[in-house]
Amino acid sequence: MNNILLGCIADDFTGATDLANNLVRAGMRVVQTIGVPDGPLDAEVDAVVVSLKSRTIAPDEAASQSVRALKWLQEQGAQQIYFKYCSTFDSTPQGNIGPVTDALMAALQTDFTIATPAFPDAGRTVFKGYLFVGDVLLHESGMQDHPLTPMTDPNLVRVLQAQTRHKVGLIDYKVIAKGPAAIQDRIAVLREQGVGVAVVDAVSNEDLMSLGLALKGMPLVTAGSGVAIGLAQNFGIAPNLQAAVLPAPQGFQAILSGSCSRATNLQVADFISTGRPAFVLDPLRLADGSTLIEQALAWAAPKLKDGPLLIYSTSQPEHLKQIQDKLGVKVAGEIVEHALARIAQGLVEMGVGQLVIAGGETSGAVVQALAMNQLQIGSQIDPGVPWCAGNGIHITLKSGNFGTTDFFTKAFSWIA
Ligand code: ADP
């Protein structure tokens, strides 16, 4: 039997990669699986990240998939479980962060865990329980316009309390600044007060390293990917370069973007401004049963040999809202995800071997369509976004708000 140290469950594919990336940077050998594997793990690693696509499905279904992942990770010997969600705490009042946390706590028979999406390297900081994205609060960051999980309240204690059966508390920055022993003391006090989940402040990597030490032996940790940087030290592992080496990239280069986040809109505009080819997918035409998918592939075919091209549905909030009003949020999302997944298959058939995917849900749909079951994690292009390899393809899964404005061009020069 394998004896992995850390078993992770991520609620979407880009998030899983982001977490795997941080674990690799902390020196852990990591495999990311797509879904819960059927059999035992076939790799010598320190941590496994099971990627689900459970962020926006029904809460009961998200809980049961997560518990299934937990059981598999326990079978691989996992000593600690990490439930990973988005660094912008993407969820609705129904879930799924609260319901999945509740289900994992019940399955692990534990009465306490922490929750923090803090990831200072990517500009996500938590202060007095309020989540900042860069210099602004969550609800001013563009996340208030997210197609599936609009975030309109930056107070994470309130947001989480609406979703969980457990009482939610706070470990604030003053406690964090005092170090691991003080954090553990605070946890003991909160437990006595009946708190089951504590939101944790963190504004720097030092905060996350202190928190990491305080979390030693805690059966369940729930967090964005940031907390991962502080956990490897508990297992006697230090950063090393070996884990991040990937095979040489091959094949043509393409970008598929189904993210409508603010950062992705800027990245799409930047790529187009370089004069490189770009094809827009109109969801209304897709919904009409047009041959837009075939048209996109026929458009791409002769251009692939000349370098990277972009196929995108990325829209500004006003336009997105018009489409959602006409089609419904769910239907619009599914139509676009299906189209981009089908286009990814077509591009790979035409010899594309290097793919940049923008959007968490979009990435999930593409990776499933390409039947990629296991990804090896390479070096990061930008915080939270590494190149990965699997099935002979190099792929990077960029969550909506990640990456610098020139990310789409930078990604390819990174592995050139
Ligand atoms: P992000 O990481 O930015 O949140 P996701 O891919 O997770 O991106 O989510 C974006 C969602 O919006 C997907 O379900 C996608 O199919 C949908 N979508 C993308 N473009 C459009 C559009 N033009 N109109 C409506 N929905 C869209």
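As the structure lists them, so they are numbered: ligands from 1, and atoms in each ligand from 1. What you see is a predicted model, and the numbers here were worked out from it, not measured in a lab.
By the ring-ring contact (aromatic ring centres under 6.0 Å, His included) test, Phe271 pairs with no residue at all, sequence neighbours left out. Phe119 pairs by the ring-ring contact (aromatic ring centres under 6.0 Å, His included) definition with nothing, not counting sequence neighbours. Phe127 pairs by the ring-ring contact (aromatic ring centres under 6.0 Å, His included) definition with Tyr173, not counting sequence neighbours.
With hydrogens and angles left out, the side-chain atoms of Thr264 and Lys398 include a donor and acceptor closer than 3.5 Å.
Taking the six-membered ring for Trp and the full ring otherwise, the centers of Tyr85 and Phe83 sit less than 6.0 Å from each other.
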Show the distances, to 0.1 Å, for all pairs joining an N/O atom of ligand 1 and a protein N/O atom that are shorter than 3.5 Å, listing one pair per line.
unit_1   : atom_1 : unit_2 : atom_2 : d
ligand 1 : 2 (O)  : Gly360 : N      : 2.8
ligand 1 : 2 (O)  : Gly400 : N      : 2.8
ligand 1 : 3 (O)  : Ser259 : OG     : 2.6
ligand 1 : 3 (O)  : Ser261 : OG     : 2.5
ligand 1 : 4 (O)  : His146 : NE2    : 2.6
ligand 1 : 6 (O)  : Glu361 : N      : 3.3
ligand 1 : 6 (O)  : Thr362 : N      : 3.0
ligand 1 : 6 (O)  : Thr362 : OG1    : 2.7
ligand 1 : 7 (O)  : Gly360 : N      : 3.2
ligand 1 : 7 (O)  : Glu361 : N      : 2.7
ligand 1 : 14 (O) : Glu337 : OE2    : 2.6
ligand 1 : 16 (O) : Gly333 : O      : 2.8
ligand 1 : 20 (N) : Ser313 : O      : 3.4
ligand 1 : 20 (N) : Ser313 : OG     : 2.8
ligand 1 : 23 (N) : Ser313 : O      : 2.9
ligand 1 : 23 (N) : Ser315 : OG     : 3.2

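A pairwise comparison of heavy atoms in Leu320 and Asp145 identifies CD2-O, 4.1 Å as the closest pair.
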